[in-house]
Amino acid sequence: MVTTPGQASADTTGPVVSKIGKIRTDTGLELTAGIDAPAGVTSVTATITASTANVPGTFVSTVTDFHLVSGTATSGTWQSSGALGLDIYASYRVAITAQDSEGTVSLPGRGVLDYRPSPVFHDTAYKPTTLSFEHQDINVTGRLTEYDPAGGDTGTPWPTTAGMGVYVTWDGHTSPNNATAADGTFALTVHPGDVQNTTLHVFVTTPTYAQGPDSEPITSVDSPVRITLDHTGSTGALVGSTQVISGTAERRREDGTWVPLANIPLPIHDATGTRATWATTDATGRFSQTVSVTNDTTIWTVSDTRPFLAPTSVRYTVAKPVAKVSLYANKPTVDASSRLHISGYLTVPGALWPGGGRVYIQQSNDGHTGWTSIGSTTIDTSADGFAASVLTVTNPHGYWRYYYPGATAFTAAYSPVVHAFRYQTAISGGKPSSTRVTKHHTVTISGTLKQNGYGHWTPLPKATVRILFRPSGSSTWHLITSAHTSSTGHFAAHPTITRSGTWRVVYKTPDQVHVNANGPMVKVTAR
């Protein structure tokens, strides 16, 4: 009821009426009023008049039978006795006055009385009040009857439709409305979700609505969970490779038995703490997920995050991950002096090169067998390349590759085989016919110039060889004469000996397909 307090009529210390209300009793609706009166209340009077069109405007009912139900005569609550004697269900205006022992009468306290049947909740129950993984719903049941304000009867069922039915609220959530049955009973199921502690409130929608009894505190318990991995990790997996994390998830029932944790998504977090992916269990609790190994992702945590499950996690760890090193050799060249010019680079997907290190240059005559190391070079960490190498090789038409022996956290590697081609050349013979000669006499220097490609040695015809001389005590070679090879590769020259010194036959290739050749150095003494 809406209350307007009434002040004392003359003396400000006289009675004051406030807190006008109503109360249901077994005999009907009764009025209440809070009254403060320093001199003590001696009588209370309520005047009830019509406030709606369906009640005659001249209708007036007076109630004087009030008794003190709490407090004292100077400050207490007064309640009318017996039914109010109103014959029509409607809204009424109520004015209550009080008189004290000194005869002072208060101004009326005013309110509006809604005098109509109203719903009453009976046997309201909330089951269960402890939520778990197996019981995540709460069943709310009860019965609604009609309270008759005239006689206090509560035996008639209170009918409702879904739109004006019973609903439940909790933690800011509201269930759909549910209609009552013909006998006034209701039953609805609510799903509070992952609440830990809450209280449910039941209401019925009427022209003003009514609230039933609240639930006992709703609590929850978590079911123990165990996650068993098929493998807890691996060792030495390649960076960039994949790993399969699989296993079984189970939960313990309230009866103590373990059953599959079926059809539940399990988050799999990587080592950085972010969620990498999900693995969903099947009906048997089995799950499987593929993850990729990176430099900073070698540990994964599988856990459960569903409501009513005790937090559980297991780890899958890749120990000592290894980065795969890939080597590449650029196309090499061989110059006329049988010097190999070669360079290359490496890649390490998903990994940072630690710096330093060497790679080795290997050679094979056929590109398949007989690989031998002929030199090495440093790794340029700024460009992931190799310092260019220049090596004198014995086989200018050979096959080459790079080799990295590996290091902690990095694999050994070979580059693809590369090839360059020049004919190998050689001079057989090429020695003076005598090593002690009288001055101004001649000697004969002869021999054979040969070449070798992919098979056997053959003559190199129509080629020019040079006859060089270095006087004793000098470091300078001088061209004395030349000779041309025959169809069999044979050559001969007849230089005149004028002083002691060293003689040598050389071949300087005039083309891009042969290499130079040198004969033996032979000292000739002039007498």
Side-chain angles (χ1 to χ4, degrees), residues 332-342 363-367 370 372 374-375 390-400 419-527:
T333 61
V334 177
D335 62 20
S337 298
S338 291
R339 292 178 301 185
L340 172 69
H341 299 256
I342 189 170
Q363 176 178 281
S364 167
N365 288 332
D366 60 9
T372 58
I374 60 174
V390 180
L391 304 169
T392 299
V393 294
T394 58
N395 184 1
H397 51 258
Y399 297 82
W400 296 274
H419 177 55
F421 180 83
R422 274 186 184 253
Y423 281 94
Q424 188 175 6
T425 57
I427 296 173
S428 61
K431 296 180 179 181
S433 56
S434 176
T435 57
R436 297 181 67 83
V437 181
T438 303
K439 289 182 179 180
H440 304 296
H441 281 70
T442 62
V443 293
T444 299
I445 300 175
S446 62
T448 302
L449 179 62
K450 300 178 293 181
Q451 63 181 355
N452 184 8
Y454 290 113
H456 304 287
W457 287 95
T458 59
L460 181 54
K462 298 180 181 181
T464 300
V465 295
R466 300 177 183 184
I467 312 301
L468 303 181
F469 174 70
R470 185 181 65 193
S472 296
S474 173
S475 61
T476 302
W477 290 94
H478 301 276
L479 175 62
I480 302 302
T481 187
S482 298
H484 300 284
T485 62
S486 66
S487 60
T488 61
H490 181 73
F491 64 86
H494 309 282
T496 299
I497 303 301
T498 60
R499 53 182 171 171
S500 298
T502 301
W503 294 85
R504 189 177 202 184
V505 179
V506 300
Y507 169 68
K508 299 292 185 182
T509 179
D511 56 39
Q512 302 295 317
V513 294
H514 292 84
V515 295
N516 301 331
N518 297 305
M521 293 186 291
V522 180
K523 183 177 182 181
V524 176
T525 303
R527 297 178 293 178

If every non-hydrogen atom of [X] is compared with every non-hydrogen atom of [Y], which pair is closest and at what distance?
X    : Y    : answer
S364 : G367 : OG-N, 3.0 Å
T481 : L479 : O-CD1, 3.4 Å
S337 : T392 : O-CG2, 4.4 Å

Partner set under side-chain contact (heavy atoms from CB on, under 4.5 Å) for [X], not counting sequence neighbours:
X    : result
H441 : V437, T438
T435 : V522
N395 : Q363, N365, H397, Q424

Could you tell me which residues satisfy side-chain hydrogen bond (donor to acceptor under 3.5 Å, both in side chains) with [X], sequence neighbours excluded, listed by chain and number?
X    : value
H478 : none
S486 : T488
T448 : none
H490 : none

Heavy-atom side-chain contact between V393 and W400 under 4.5 Å: yes
side-chain hydrogen bond (donor to acceptor under 3.5 Å, both in side chains) pairs, two or more places apart, involving residues 518-527: none
Inter-residue atom distance R339.CZ - N516.CG, 0.5 Å rounding: 9.5 Å
List, one per line, each side-chain donor-acceptor pair under 3.5 Å for residues 491-505, sequence neighbours excluded.
from: H494; atom 1: ND1; to: T444; atom 2: OG1; distance (Å): 3.0
from: S500; atom 1: OG; to: A526; atom 2: N; distance (Å): 2.8
from: R504; atom 1: NE; to: G519; atom 2: O; distance (Å): 2.8

Listed pairs under 3.5 Å, donor-acceptor, residues 451-470 side chains, sequence neighbours left out:
from: Q451; atom 1: OE1; to: H514; atom 2: NE2; distance (Å): 2.6
from: Y454; atom 1: OH; to: H419; atom 2: NE2; distance (Å): 2.9
from: T464; atom 1: OG1; to: H484; atom 2: ND1; distance (Å): 3.0

The single option from L391, I342, L340 passing side chain to side chain contact (heavy atoms under 4.5 Å, CB included) against V334: L340
Criterion side chain to side chain contact (heavy atoms under 4.5 Å, CB included) against Y507, the qualifying member of T425, T485, V515: T425
